[in-house]
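Side chains included, hydrogens not; waters and symmetry mates left out as well; all remaining heavy atoms used.
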Amino acid sequence: QVQLLESGGGEVQAGGSLRLSCAHPESDFRINAMGWYRQAPGKQRELVAAITSGVRTQYVDSVKGRFVISKTARNTVNLQMNSLKPEDTAVYYCAASRSQLPYRVDYWGQGTQVTVSS
């Protein structure tokens, strides 16, 4: 069951940019935080970036200064990925929480492949 709808992703050369978008198909006032996880081959899934309804943001150290998370509506979130590196290659999953990330995940996206070529 796909709960969040994702768009974007694809393949890009190192140093390029991609923009991911995610939205809940229907308005859900219970959502407090949204974000993006990623899972690379041989690695655990990690929370890359998150944003709360109060517009507070958090990023994993490896993407600070390169990625920007933002929202255009309560149930819509974007991830602008700049200066992409081959190490960013992974399946990216949108997530939403009625509480906080990473402590609680109530909705997941289907996952979208991001491939960065060197």
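Put simply, CG on N32 and CD on Q100 are 7.0 Å apart, with the number rounded to the nearest 0.5 Å. Rounded to the nearest 0.5 Å, atoms CG (L47) and OH (Y93) are 14.5 Å apart. Taking OG1 from T112 and CG from L18, the interatomic distance works out to 9.0 Å, rounded to the nearest 0.5 Å. Taken from CZ in R98 to CD1 in I31, the straight-line distance is 8.0 Å, to the nearest 0.5 Å. Here T57 contributes atom OG1 and F67 contributes atom CZ; the two are 14.0 Å apart, rounded to the nearest 0.5 Å. Distance check: L20 CG to Y92 OH gives 7.5 Å after rounding to the nearest 0.5 Å.
For S7, there are no side-chain hydrogen bond (donor to acceptor under 3.5 Å, both in side chains) partners, not counting sequence neighbours. Scanning for salt bridge (charged side-chain N to carboxylate O under 4.0 Å, His left out) contacts around R19 gives an empty result, with sequence neighbours left out. For S17, the side-chain hydrogen bond (donor to acceptor under 3.5 Å, both in side chains) partners two or more places apart in sequence, or in a different chain, are N82. Residues meeting the ring pair (Phe, Tyr, Trp, His ring centres under 6.0 Å) test with Y37, sequence neighbours left out: W108.
A50 and L101 get closest at one heavy-atom pair: CB-CD1, 4.1 Å. Here the closest non-hydrogen pair linking A49 and Y59 is CB-CD2, 3.6 Å. Taking both residues in full, the closest heavy atoms of A33 and S99 are given as CB-O, 4.1 Å, listed atom of the first, atom of the second, then distance.
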Using side chain to side chain donor-acceptor pair (under 3.5 Å), reason through S70 and Q80 one step at a time and then give a plain yes or no. CA-CA 8 Å; S70 62; Q80 179 66 45; over 6 Å; no
For side chain to side chain contact (heavy atoms under 4.5 Å, CB included), just list the numbers for Y107 and M34, CA-CA rounded to whole Å, side-chain angles, deciding distance to a tenth of an Å, and then say yes or no. CA-CA 9 Å; Y107 304 93; M34 298 184 72; over 6 Å; no
Just do the side chain to side chain contact (heavy atoms under 4.5 Å, CB included) check on K71 and T76 with the steps written out, would you? CA-CA 6 Å; K71 63 176 183 179; T76 303; 5.8 Å; no
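Annotation: salt bridge (charged side-chain N to carboxylate O under 4.0 Å, His left out) contacts involving residues 79-89, sequence neighbours excluded, comprise R38-D88, R66-D88. Sorted by first and then second residue, the disulfide bond (SG atoms under 2.5 Å apart) pairs involving residues 50-118 (not counting sequence neighbours) are C22-C94.
Remark: of the listed residues R45, Q110, Q113, Q113 is the sole one forming a side chain to side chain contact (heavy atoms under 4.5 Å, CB included) with V91.
S117 places no side-chain N or O within 3.5 Å of a backbone atom of Q13 that could act as its donor or acceptor partner.
Side chains of S97 and D106 form a contact here, defined as non-hydrogen atoms less than 4.5 Å apart.
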